[in-house]
Amino acid sequence: MIGMDRLRGHLVQEYRKRTAKSRAVFRRAEKVMIEGGSHSIRLWRPYPFFAAGAEGPSVRDVDGNTYIDYWQGHYANILGHNPRLIRRGIASCLGRGALHTGFEAGHQIELAETLVRSIGGKDAKVRFTTSGTLATMYAVMLAQGLTGRDLVLKVGGGWHGASPYLLKGVKFQAEEGFEGRESAGLLDDIVRRTLVTRFNDGDDLERIVNENGDRIACFIVEPFLGVGGFLPATKEYLQLARSLTAKHGIVLIFDEIISGFRFCPSALQTLYGVEPDLTALGKIIGGGHAVAAVVGPSKLMEGCERGGRERVMFEGGTFSSHSEYMKAGLIMLGHLVKNAPAVYPRMARAGEKLRRAIERVFAAEGIAARCTGDGNEVVPGSSLFMVHFPREAETACDRPEALHDDRRMNLALQEEILKLALLVHGVNVVHGGGAVSAAHRERDVDATIAAYAEAARLFRKFLR
Ligand SMILES: Cc1ncc(COP(=O)(O)O)c(C=O)c1O
């Protein structure tokens, strides 16, 4: 612990030297904003840098430092920051009065057509909203409305946004594992009605469904677990989820808010060949704007149509399907569909290079580091990477239960210390890694590996 404290102290000092203006801005922000900002994941300690601008792979702070960024707008910016393509498109759209009107307008139809074509099949329908949190919340409500059932099933480590039905089993807690509630302010009843199963564990899924099947409205799962550890679902697991949910009349929801358009110009379900009932999308589909959607067959989506006796109120949203946002999403998806062979394999190669090189540079300093984010037999390659520091070198990094347990992984090293060690070497990561974008060039990846090597040297110096 002494070594960790000294290393933290050293890094905080180095970070402060470089970020005096950010520190002053943060002090001002703290006076009027909770914890000095709007999202706790952006508010690292001792204080975040404040962005002055961002372009392509990099972000610039108010002190003039530049960081190669793998956070990329919560993984939404698959073309990098501020792509000219989208800027140009929305500028012309704004010129024609696309600032908020509150009327239905055309671009949303094209974006919906793109989603239906690439994901939903002929008979699908789309409803847009403005955040992933709302998309998963509405999908769950729709499932509850359609089935008349009161239980919701999710996986431990699955983050679907801060919707009341899903604020359980996100953070691993020493006593409760993934059974804990994530927030105050939730009705006990809602927390009790959310069940948690182990990701990629077919036996556990089967047990829970067999015990509660006729009460479960939906099973929501990410085909590629995001915050839970960047782990792909196995094909057998998703196939089992499909057959069990079909057998028991449970609505299967794939949360593809990270994975949609991240691995291929569609949702990841198309590679798995497993069709859920509902798909929640967000992040990339908005081209850098607040767009999210639920896609599903008409016969289910009609559950939110007016006039139905048990109508689910999937609406609200002053800014839903905002013209400018729809246009941005359309440009983004159009680009990805058209350029998929150039975009995806290159990002996946960079992801692979980073994952293996990061493990190597830490091993060279005698530190066990493991990267998740790899694909599998279904996912051909992956631009995601997350770094973990197992306390015992041989601990397997293949389950959220291991990756989030501080007794098995050094979480402070991953979340806090590695973050600062990379920031002072010009790289920004979250959870030890992030997402490669199409804007990251070979030289950015090489500079990133060099920064990890510097971090590894520091770790050895202070922690041996
Ligand atoms: C898999 C997943 N689902 C849902 C959400 C919530 O999306 P939003 O932050 O847009 O509300 C997130 C956000 O990170 C996510 O990663």
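Just so you know, these numbers use all the heavy atoms, side chains as well, and skip hydrogens, waters and symmetry mates. Order of listing sets the numbers, starting from 1, for every ligand and every atom in it.
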Query raised in the report: Does even one non-hydrogen atom of Val227 get within less than 4.0 Å of ligand 1?
Result: no
Query raised in the report: Can His160 be said to touch ligand 1, with heavy atoms closer than 4.0 Å?
Result: yes
By number and element, which atoms of ligand 1 are closer than 4.0 Å to a non-hydrogen atom of [X]?
X: Ile258; result: 16 (O)
X: Gly132; result: 6 (C), 7 (O), 8 (P), 10 (O), 11 (O)
X: Gly161; result: 4 (C), 5 (C), 6 (C)
X: Glu222; result: 1 (C)
X: Lys283; result: 13 (C), 14 (O), 16 (O)

Report summary line: All heavy atoms of Glu182 vs all of Lys168, minimum pair found to be CG-N, 3.8 Å
Report task. Grab the two heavy atoms, one from His289 and one from Glu324, that are nearest each other, plus how far apart they are. Result ->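 His289 and Glu324 have their closest heavy atoms at NE2-OE2, 3.0 Å.
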Query raised in the report: Atom NE2 of His107 and atom OG of Ser323: how far apart are they, to the nearest 0.5 Å?
Result: 5.5 Å
Report task. Measure from the side-chain N and O atoms of Asp405 to the backbone N and O of Arg407, and report whether any donor-acceptor pair falls under 3.5 Å. Result ->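 At least one qualifying donor-acceptor pair exists.
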Query raised in the report: Do we see a donor-acceptor contact under 3.5 Å between the side chains of Ser58 and His81?
Result: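 Their side chains do not contain a donor-acceptor pair, so the 3.5 Å distance test is not met.
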Requested in this report: Assign the ring pair Phe314 / Tyr138 to parallel, tilted or perpendicular, where the plane angle (0 to 90°) is split at 30° and 60°.
Outcome: parallel
Requested in this report: Compute the shortest N/O to N/O distance between Asp255 and ligand 1 and return yes if it is under 3.5 Å, no if not.
Outcome: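 Yes, Asp255 has an N/O under 3.5 Å of an N/O on ligand 1.
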Report task. Do me a favour and list the nearest non-hydrogen protein atom to atom 2 (C) of ligand 1 with residue, atom name and distance? Result ->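 So the nearest neighbour among protein heavy atoms is Trp159 O, 3.1 Å.
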Query raised in the report: So between Ile41, Thr129, Thr133, Thr136, whose heavy atom ends up nearest atom 11 (O) of ligand 1?
Result: Thr133
Requested in this report: Answer yes or no: is there a side-chain heavy-atom contact under 4.5 Å between Arg207 and Thr197?
Outcome: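 Of all side-chain heavy-atom pairs linking Thr197 with Arg207, none is under 4.5 Å.
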